[in-house]
Amino acid sequence: MRERVLTGDRVTGKLHLGHYVGSLRNRVILQDQYETFVLLADVQALTTHFDQPDRIRGHLREVALDYLAVGIDPEKATIFVQSLIPEIAELTVLYSMFVTVNSLRHNPTVKSESKNSGLDEMYYGFLGYPVSQAADITFCKASIVPVGDDQLPHLELTRKIVRRFNELYKPILVEPRALVGDMPRLVGTDGSAKMSKSLGNSIPLDSSTEEIAARIKRATTDPARIHKNDPGHPEICPIYSYHQAFRPEGAEEIKEGCSQGKMGCAACKGLITSALERLIEPMRERRAHYEARPGAVDEILMDGTKRARAIAKETMQEVREAMSLDYFEEGRRGLVE
Ligand code: TRP
């Protein structure tokens with residue numbers, strides 16, 4: 001049996017280049033080698049957007065289109081909807097019995113997200129979402145989870161839950177490992193540490209040619225560099241980091257030209273704009289193909305969800321047995337369904 005990969009995204013907004021570098025790019029490669037599952041995390045999106053369910057509903061298909069646009073292939077990968085797998089919720093409840101509140105409170109990603117979420121209080125579902133994420137990963141016994149580095153604390157928790165479950169009950173769960181992209185996290189066009197839609201410093205994957213050019217044009221560069229011939233500092237310039245991420249073969253030349261004051265920002269931005277255009281142009285084509293066939297996207301999500309659900313039911317049965325919750329024999333279980 002091939003190893004399984006599971007990963008996913010909250011459906012709070014369209015995906016951007018930061019997601020691409022952090023994990024989407026990896027998924028497209030992994031789907032050829034592994035049995036790949038990609039989750040549209042609508043329940044997790046509710047942890048911060050419970051007051052905007054319609055927004056999540058709208059973004060579900062947008063994110064699905066982003067997946068298809070980057071080349072996640074529904075023939076190879078199973079794309080599915082989290083809220084339609086009730087076993088994920090069941091596993092979350094069962095795991096939550098042996099996860100301490102303290103371990104959640106100290107999760108650095110939960111801490112920083114809760115600061116940025118605008119929520120003035122800590123909510124139960126939000127505090128516990130890493131447990132639900134462990135359920136996402138373990139219901140299909142994924143062994144590989146391609147994610148951005150901010151997700152590493154959640155992966156650690158998942159591994160802990162798996163070890164604890166296996167030792168308390170029966171060794172049936174699989175301990176996953178994280179696979180972080182080989183590039184550092186993509187900085188925002190304003191130079192801030194993270195590209196993020198809510199910070200308004202992202203380049204969405206569905207950008208038009210004009211939008212790419214405009215966002216790069218507006219992007220921050222080395223503030224100390226005023227004239228073209230001033231020596232620049234590529235290591236602090238977001239544009240240089242984009243060269244490293246999207247046209248690594250040309251990055252050295254940029255570094256030299258910039259730091260020696262030989263290459264100006266306009267020329268440097270021109271090169272990255274064309275590289276991004278070359279990256280995004282085939283995405284636009286695949287997106288257009290599916291946008292013209294909304295029924296096909298729904299089919300893909302329904303098929304994927306059915307496949308995922310079948311696996312979730314199997315794991316749930318094993319978990320019930322392991323935890324002595326399998327009260328009735330096979331044929332009689334129908335009585336309580
Ligand atoms: N927390 C992830 C994010 O914000 C999304 C996610 C939900 C996820 N469930 C997952 C990622 C399971 C990996 C595995 O991007």
Side-chain angles (χ1 to χ4, degrees), residues 3-27 30-31 34-49 56 59-60 63-64 66-67 70 72 77-85 87-89 91-92 95 104 107-114 116-117 125-159 161-162 173-181 185-186 194-199 202 205 304-305 308 311-312 315:
E3 273 185 277
R4 285 189 177 145
V5 165
L6 179 129
T7 180
D9 298 276
R10 287 183 193 171
V11 288
T12 44
K14 292 183 202 171
L15 304 183
H16 53 64
L17 286 178
H19 297 107
Y20 184 73
V21 169
S23 113
L24 295 172
R25 185 153 71 175
N26 254 335
R27 299 179 196 176
L30 292 168
Q31 67 183 351
Y34 300 100
E35 197 180 344
T36 298
F37 293 81
V38 187
L39 153 112
L40 292 160
D42 58 342
V43 178
Q44 196 177 109
L46 284 167
T47 60
T48 47
H49 293 73
I56 294 172
H59 284 312
L60 187 91
V63 175
D66 283 328
Y67 287 165
V70 298
I72 293 177
T78 300
I79 305 174
F80 68 100
V81 181
Q82 186 185 30
S83 64
L84 294 177
I85 311 289
E87 289 76 11
I88 291 178
L91 290 173
T92 304
Y95 296 163
L104 296 168
N107 181 308
T109 300
V110 169
K111 273 198 209 165
S112 70
E113 283 175 346
S114 104
N116 300 333
S117 69
F126 182 80
L127 181 68
Y129 91 73
V131 183
S132 151
Q133 191 156 325
D136 296 340
I137 296 167
T138 52
F139 89 80
C140 68
K141 303 189 178 174
S143 52
I144 303 170
V145 185
V147 279
D149 57 1
D150 57 327
Q151 299 295 304
L152 292 176
H154 305 339
L155 253 293
E156 266 323 301
L157 178 73
T158 301
R159 293 163 62 87
I161 289 176
V162 167
L173 299 181
V174 171
E175 197 174 320
R177 62 181 187 278
L179 190 73
V180 179
R185 178 191 293 182
L186 207 62
K194 191 176 174 183
M195 184 175 275
S196 137
K197 182 170 185 254
S198 55
L199 297 175
S202 72
L205 295 174
T305 303
I311 293 167
T315 303

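In this chain, numbering begins with 1 at the start of the sequence shown. Ligands are counted one by one from 1 in listed order, and the atoms in each one are counted from 1 as well.
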Between [atom1] on residue [X] and [atom2] on residue [Y], distance to nearest 0.5 Å:
X      : Y      : atom1 : atom2 : answer
Lys194 : Leu199 : NZ    : CG    : 8.5 Å
Asp136 : Ile88  : CG    : CD1   : 4.5 Å
Gln82  : Leu40  : CD    : CG    : 9.0 Å
Thr12  : Lys197 : OG1   : NZ    : 8.0 Å

Check ligand 1 for N or O atoms under 3.5 Å from a protein N or O and list each pair with its distance.
unit_1	atom_1	unit_2	atom_2	d
ligand 1	1 (N)	Gln44	OE1	2.7
ligand 1	1 (N)	Gln133	OE1	2.9
ligand 1	1 (N)	Gln151	OE1	2.9
ligand 1	9 (N)	Asp136	OD2	2.7

Side-chain contact test, heavy atoms from C-beta onward, threshold under 4.5 Å: evaluate it for Val110 versus His154 and give yes or no.
-> yes
Which pairs pass salt bridge (charged side-chain N to carboxylate O under 4.0 Å, His left out) with one or both residues in residues 14-26, sequence neighbours excluded?
-> Lys14-Asp206
